[in-house]
Amino acid sequence: MSDLTELYQSVILDHNRKPRNHGAPERFDATADGRNTLCGDALTVWVALDGDTLADVRFVGEGCAISKASASLMTQAVKGKSRAEADALFERFHALVTGREAPPAEGVRGPLGPLAALAGVSRFPIRVKCASLAWHTLQAALHREPGAPVTTE
Ligand code: ZN
């Protein structure tokens with residue numbers, strides 16, 4: 001196993017054991033539920049907005065290590081970003097986990113930061129849905145009318 005693979009696994013394990021921004025907030029402006037029926041992952045994401053900025057992003061979730069770690073990493077990555085920046089980050093992340101974009105040579109010090117730790121899921125199509133669930137759920141919270149549940153199908 002390469003050093004980079006080990007580093008990536010340790011990032012995922014750490015976020016799975018100690019998820020960041022975990023738990024329902026007292027106040028929020030947008031929320032959505034997401035489900036990945038293939039794996040059984042279920043997430044709720046909440047966003048508090050300050051104008052156009054994602055001032056706070058929190059989640060709770062049940063599911064596999066990849067889905068929880070990805071949700072935790074996502075909350076850290078998008079907090080403080082504008083909607084447009086969060087959308088752009090999702091595009092890059094999605095390209096990474098679907099294998100359309102090569103993993104950054106700089107690893108977690110690259111432009112995607114610790115999100116790069118999930119690059120390995122591109123080799124496992126079922127895991128792509130696990131890694132993308134939190135992002136699809138965030139997109140739903142930000143861009144859809146409240147109500148309809150989200151799936152990654
Ligand atoms: Zn999963």
Side-chain angles (χ1 to χ4, degrees), residues 1-25 28 30-48 54 56-81 83 85-104 107-153:
M1 196 170 9
S2 73
D3 288 351
L4 196 57
T5 306
E6 263 177 50
L7 169 67
Y8 284 180
Q9 291 200 338
S10 73
V11 170
I12 291 167
L13 282 174
D14 176 50
H15 278 264
N16 182 50
R17 283 202 202 103
K18 292 180 293 182
R20 317 305 200 272
N21 303 303
H22 189 259
F28 60 91
T31 184
D33 296 317
R35 260 171 236 304
N36 172 16
T37 51
L38 232 59
C39 179
D41 309 317
L43 293 175
T44 302
V45 172
W46 294 273
V47 183
L54 282 63
D56 195 17
V57 182
R58 302 189 63 84
F59 83 102
V60 294
E62 291 297 325
C64 68
I66 297 286
S67 70
K68 280 168 75 176
S70 181
S72 174
L73 285 159
M74 178 195 76
T75 60
Q76 285 196 318
V78 299
K79 217 165 156 174
K81 300 271 197 299
R83 285 169 183 259
E85 286 169 337
D87 288 352
L89 207 51
F90 172 56
E91 279 304 312
R92 295 204 64 175
F93 176 76
H94 201 249
L96 179 75
V97 296
T98 53
R100 281 185 288 121
E101 190 173 305
V108 297
R109 281 187 293 278
L112 284 166
L115 294 175
L118 289 158
V121 305
S122 65
R123 283 171 303 173
F124 307 97
I126 283 181
R127 292 300 182 198
V128 173
K129 288 176 186 289
C130 301
S132 306
L133 179 64
W135 290 86
H136 285 294
T137 309
L138 175 69
Q139 290 283 306
L142 290 175
H143 297 289
R144 275 202 215 167
E145 294 302 312
V150 188
T151 71
T152 56
E153 312 314 308

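The shown structure was predicted, so the numbers you read here are calculated from the model rather than taken from an experiment. When a ligand or atom number is given, it counts from 1 through the structure's own listing order.
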- Can you label the angle between the Phe90 ring and the Trp135 ring as parallel, tilted or perpendicular, going by 30° and 60°? parallel
- Item | Test: Asp56 and Lys79 ion pair at under 4.0 Å | yes
- Query: By residue and atom, what protein N/O/S atoms are less than 2.8 Å from the Zn ion (ligand 1)?
  - Reply: Cys39 SG, Asp41 OD1, Asp41 OD2, Cys64 SG, Cys130 SG
- Audit row: Leu118, Ile12, side chain to side chain contact (heavy atoms under 4.5 Å, CB included) steps and yes/no: CA-CA 8 Å; Leu118 289 158; Ile12 291 167; 3.9 Å; yes
- Task: Taking the six-membered ring for Trp and the full ring for Phe, Tyr or His, determine whether the centres of His22 and His15 are under 6.0 Å apart.
- Result: no
- Query: Quick one: NZ on Lys129 to OG on Ser70, what's the gap to the nearest 0.5 Å?
  - Reply: 14.0 Å
- Query: Are Asp87 and His143 linked by a side-chain donor-acceptor pair shorter than 3.5 Å?
  - Reply: yes
